[in-house]
Structure formats: C-alpha cells, structure tokens
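Everything quoted here is computed from the prediction, not taken from an experiment. So you know, we letter chains A, B, ... as the sequences are listed, proteins then strands, and number each from 1.
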There are 2 protein chains.
Amino acid sequence: MNGSNLQEHQTHLRALLEAYMAKKGLRSTEQRRLIVDEFFKAPAHITIEDLLSQVRAIDPKVGYATVYRTLKLLAECGVAHERRFHDGVTRYEIAHEDEHHDHLICVECGTITEFEEPAIERIQEEVAAKYGFSIQSHKHELYGVCANCRSRKRLT
Amino acid sequence: MNGSNLQEHQTHLRALLEAYMAKKGLRSTEQRRLIVDEFFKAPAHITIEDLLSQVRAIDPKVGYATVYRTLKLLAECGVAHERRFHDGVTRYEIAHEDEHHDHLICVECGTITEFEEPAIERIQEEVAAKYGFSIQSHKHELYGVCANCRSRKRLT
DNA sequence: CTCATTGCAAATAATTTGCATGTAA
DNA sequence: TTACATGCAAATTATTTGCAATGAG
C-alpha cells in the first residue's frame with residue numbers, strides 16, 4: 001500500500017466513524033478527537049494503557065474510562081479491531097484496508113508480526129463449507145520465537 | 001480414535017500427571033483426584049465455573065481456588081490446555097493425542113466445533129520459515145454462524 | 001512430624017459503570 | 001436548553017494469593 005492509499009484509507013475510516021456517530025447521535029468532543037488522532041498515529045496493537053499515556057502527554061486530564069469508551073466506539077463502528085493475545089490485555093489495531101492478515105507473536109520479546117497467506121484463507125473457507133458454517137471473522141496466531149530472539153540465543 | 005485408544009490415551013495423561021507431581025513433590029489429595037476425574041468426564045472446553053459445580057455435585061465443600069489451582073497444574077504438565085475464546089472466560093480442554101486441531105465458534109449459540117486441517121498446518125510452517133520464526137503453539141479460530149443456527153434463522 | 005494443600009477471604013488486574021458536573025449542538 | 005460526554009471513584013468480573021487449619025507421606 002503506497003502513501004496516497006494509506007491517506008485515503010484513513011480518510012475513509014474517519015468518514016466511517018463520523019457516519020456512525022451521526023447515526024447514533026454521538027458528539028465530537030475534544031477528548032474523542034484527541035484520542036482518535038493519537039490512535040491513528042500509534043503503533044499497531046496498542047494497549048489502552050499505552051494509548052492513554054500517549055494522549056496524556058498532550059492533555060493530562062483525560063481519564064482512563066474515556067479512552068476505553070472511545071476505543072470501544074472505534075471497535076463498534078469497524079474502525080478498530082480488538083485483539084486479545086496470550087497476555088490478558090486487550091490491544092487495538094486500526095482496521096486494515098485488507099483485513100486478511102494474521103499474527104506471529106514472539107513469546108520471548110513479545111514482538112507481533114503480521115503475515116498474510118491467501119492459501120490459508122482459502123482452506124479456511126473450505127473447512128467452513130464442510131461444516132455448513134459461515135465465517136464472520138477469524139483469529140489465527142502463531143506463538144513461538146522470532147528470528148531476532150533465536151539468533152540472540154545462539155550467541156549466548 | 002477408537003475406544004481402546006481413548007482409554008490408553010487417558011491412562012497416558014494420568015501417568016504424565018503422576019510423573020509431574022512426583023517430580024515436583026506434589027501430593028495426591030481427595031480433592032485433586034475428584035477434580036481430575038470430573039475433568040476427564042466433562043465436555044471439552046469446560047470453564048472453571050462449570051467444572052466446579054460438577055465437582056460440588058459430588059463434594060460440595062470443594063473451593064473455587066482448588067479447582068483453579070488443579071487446572072493450572074493440569075495445564076502445566078500438558079494434560080490440559082487453556083483456551084480463551086472471545087467471551088473473556090478461560091476454558092480447559094483435555095490434551096488430545098493429536099494436538100493439531102483448531103476451532104469453529106458459533107457466535108449465535110456458542111457451540112465450539114473442532115476441525116483438523118493438515119494443509120493449514122503445513123502452510124503455517126512455511127510462513128514461520130519465511131520469517132525465521134520457530135512455532136511453539138498456535139491458535140486458529142473461525143467465528144461465524146453454525147449450520148444449525150443458519151437453518152433456524154432461515155425458518156423464522 | 002513436616003510441609004504441601006485446602007478453603008476462605010482478601011488482593012489483583014482488567015474492564016465497566018454510576019453519577020455529578022461539564023459541554024456539544 | 002437538552003441530553004450526551006467526561007472524570008472520578010466505586011462496582012464487576014475473572015483470577016490469584018495469603019494464611020490459618022488440615023492432611024498426606
């Protein structure tokens with residue numbers, strides 16, 4: 001995805017949010033705008049905790065609950081996805097233009113890498129068809145040791 | 001897997017547990033025996049809550065924490081696996097003889113179906129290799145609507 | 001006897017909610 | 001003005017832990 005597509009995609013997501021808020025009679029507040037802006041700038045798979053401190057660097061008065069509620073809102077309207085990996089903390093990720101990606105999670109350093117594999121997607125659909133199941137979403141995570149950690153271990 | 005293999009497998013798991021307990025100097029108590037027996041009889045993907053009431057039907061004095069600690073123990077020695085699906089509750093599953101299976105989860109009725117797909121396993125390994133990543137475990141869950149719920153919906 | 005285990009209750013951790021006050025529209 | 005939003009603190013939910021009493025080896 002090139003720069004202008006990224007730009008367009010963000011614009012699209014913001015429009016999605018705006019439409020959802022209009023439909024529900026929700027209001028655009030200073031806090032929400034700030035939280036949303038920071039969320040778009042934040043690294044993928046950010047936690048509420050981390051996003052809160054990023055937000056508080058700009059406005060220290062923002063409360064925990066507001067960030068929670070705003071991210072729930074983003075998740076509801078499809079702008080963000082909630083992800084829970086093995087550490088019991090919910091992480092949020094901007095909705096990708098292409099939703100078909102999964103995760104490699106390093107159990108040593110916690111690094112999360114995304115991958116995409118159309119062949120897996122296709123087989124998933126076959127499996128679902130076999131069971132008469134219609135897929136709405138999926139979660140596919142590989143836990144193990146990343147290349148970095150593996151080479152670090154070989155050195156020690 | 002036929003009946004005698006199932007039997008053998010259970011025996012194997014019990015031996016695994018016994019060995020682990022011996023190694024760690026842990027004791028075989030009435031509660032642990034009861035909880036483990038009930039766990040083996042319980043449906044797959046049982047919650048602590050449900051297992052506790054199953055256990056309390058036999059011995060009402062057993063505490064929540066004991067079930068927790070016993071299932072943690074089973075998970076540690078590889079007799080059970082902890083699974084967390086989208087509802088925020090930890091579920092436990094008996095370790096299968098064949099570990100390579102994944103889950104279809106119905107978002108309507110909550111039914112969890114297991115599936116096995118060697119082709120996906122193989123591609124996973126290819127993906128991992130591409131990133132220099134060594135897989136220790138994985139989680140692959142398909143969320144959607146099961147055949148039953150789909151036909152029920154068509155009728156209404 | 002010794003030390004792991006139990007059951008209870010209290011502690012944590014993550015998240016959610018109630019409510020008085022603030023503020024978009 | 002009206003009712004949604006905020007920030008705080010308190011409530012919830014799931015899980016974990018401390019500890020005195022109990023019980024296995």
Side-chain angles (χ1 to χ4, degrees), chain A residues 17-39 45-77 80-92 110, chain B residues 17-39 45-77 80-92 110:
Chain A
L17 172 61
E18 207 175 324
Y20 184 82
M21 288 178 69
K23 194 178 68 188
K24 292 257 181 175
L26 306 180
R27 291 164 187 179
S28 171
T29 65
E30 207 172 312
Q31 291 92 329
R32 276 184 185 163
R33 285 188 299 272
L34 173 58
I35 293 166
V36 171
D37 286 350
E38 289 307 307
F39 176 62
H45 315 113
I46 196 165
T47 61
I48 299 279
E49 183 103 0
D50 288 348
L51 184 57
L52 180 65
S53 46
Q54 199 177 309
V55 163
R56 282 198 172 155
I58 298 171
D59 180 353
K61 299 177 304 306
V62 174
Y64 210 102
T66 304
V67 177
Y68 251 99
R69 288 188 273 226
T70 303
L71 286 200
K72 279 271 170 242
L73 169 61
L74 293 181
E76 273 170 44
C77 67
H81 294 303
E82 286 187 331
R83 305 244 176 235
R84 202 167 310 157
F85 301 120
H86 275 169
D87 61 359
V89 192
T90 302
R91 290 164 188 279
Y92 289 85
Chain B
L17 172 62
E18 205 175 327
Y20 185 81
M21 289 179 67
K23 195 179 69 190
K24 292 256 182 176
L26 305 181
R27 292 169 185 176
S28 171
T29 66
E30 206 171 314
Q31 290 92 328
R32 275 185 186 162
R33 283 188 300 270
L34 174 58
I35 294 165
V36 172
D37 286 350
E38 289 307 307
F39 176 62
H45 316 113
I46 196 164
T47 61
I48 298 279
E49 184 103 0
D50 289 348
L51 184 56
L52 180 65
S53 45
Q54 199 177 309
V55 163
R56 282 197 174 156
I58 298 172
D59 179 353
K61 298 177 303 307
V62 174
Y64 209 102
T66 304
V67 177
Y68 251 98
R69 288 187 274 225
T70 303
L71 287 201
K72 280 270 170 245
L73 168 61
L74 293 182
E76 273 170 45
C77 66
H81 293 303
E82 286 186 333
R83 306 245 174 235
R84 203 168 310 158
F85 301 120
H86 275 168
D87 61 358
V89 192
T90 302
R91 290 164 187 278
Y92 290 83

Residues in ring pair (Phe, Tyr, Trp, His ring centres under 6.0 Å) with B/Tyr68, at least two apart? B/Tyr64
Listing, residues 22-29 of chain B side-chain donor-acceptor contacts under 3.5 Å, not counting sequence neighbours, or none:
from, atom 1, to, atom 2, distance (Å)
B/Ser28, OG, B/Arg33, NH1, 2.8
B/Thr29, OG1, B/Arg32, N, 3.2

Under 4.0 angstrom between A/Thr90 side-chain N/O and C/dA14 OP1 or OP2: no
Take atom CD in B/Glu76; do more than 12 heavy atoms of anything else shown fall under 6.0 Å from it? yes
Between atom CD1 in A/Ile35 and atom P in D/dA5, what is the gap in whole Å? 12 Å
Atom-to-atom span, CZ of A/Arg84 to P of D/dT15 - whole angstrom: 11 Å
Closest heavy-atom pair and its distance - A/Gly63, A/Leu52: O-CD1, 3.9 Å
Might you point out which heavy atoms bring A/Thr66 and A/Ile35 nearest each other, and give the distance in Å? CG2-CD1, 3.8 Å
A/Val62 and A/Gln31 have their tightest heavy-atom pair at CG2-CG, 4.1 Å
Nearest-Å distance, CG (A/Leu73) to P (D/dC4)? 14 Å
With rounding to the nearest 0.5 Å, note down the distance linking CZ in A/Arg91 to CG in A/Leu51. 12.5 Å
Is B/Val67 close to B/Phe39 at the side-chain level, that is, under 4.5 Å between some pair of heavy atoms? no
Taken to the nearest whole Å, CD/A/Glu76 to P/C/dT16 is 11 Å
Testing the basics here: between B/Val89 and B/Arg84, what is the closest heavy-atom pair and its distance to 0.1 Å? O-CG, 3.8 Å
Side-chain N or O of A/Tyr68 versus OP1/OP2 of C/dT15: is the shortest distance under 4.0 Å? yes
With a 4.0 Å limit, can you tell me whether B/Arg32 has a side-chain N or O closer than that to the phosphate oxygens OP1/OP2 of C/dT6? yes
Please report the distance, rounded to the nearest Å, between CD in B/Glu49 and C1' in D/dT15. 12 Å
What protein N or O atoms touch nucleotides 23-25 of chain C N or O atoms at under 3.5 angstrom, if any, and at what distances?
from, atom 1, to, atom 2, distance (Å)
C/dA24, N3, A/Arg27, NH1, 3.2

Quick one: which protein N/O atoms are closer than 3.5 Å to N/O atoms of nucleotides 7-13 of chain C? Pair and distance per line, please.
from, atom 1, to, atom 2, distance (Å)
C/dG7, OP1, B/Gln31, NE2, 3.3
C/dG7, OP1, B/Lys61, O, 3.3
C/dG7, OP2, B/Gly63, N, 3.1
C/dG7, OP2, B/Thr66, OG1, 2.4
C/dG7, N7, B/Arg69, NH2, 2.9
C/dG7, O6, B/Arg69, NH2, 3.2

Could you tell me whether the side chain of A/Thr70 reaches within less than 4.5 Å of the side chain of A/Val36, counting heavy atoms only? yes
Only pairs at least two apart or in different chains count here, so list each salt bridge (Lys or Arg N to Asp or Glu O under 4.0 Å) that has a residue in residues 54-73 of chain A. A/Asp59-A/Lys61, A/Lys72-A/Glu82
Five pairs at each end of the helix from C/dC1-D/dG25 to C/dA25-D/dT1: take the axis at both ends and give me the angle between them to 10°. 30°
Whole Å only: how far is the OH atom of B/Tyr92 from the P atom of D/dT15? 7 Å
What is the distance from CG of A/Asp50 to P of C/dA14, rounded to the nearest Å? 12 Å
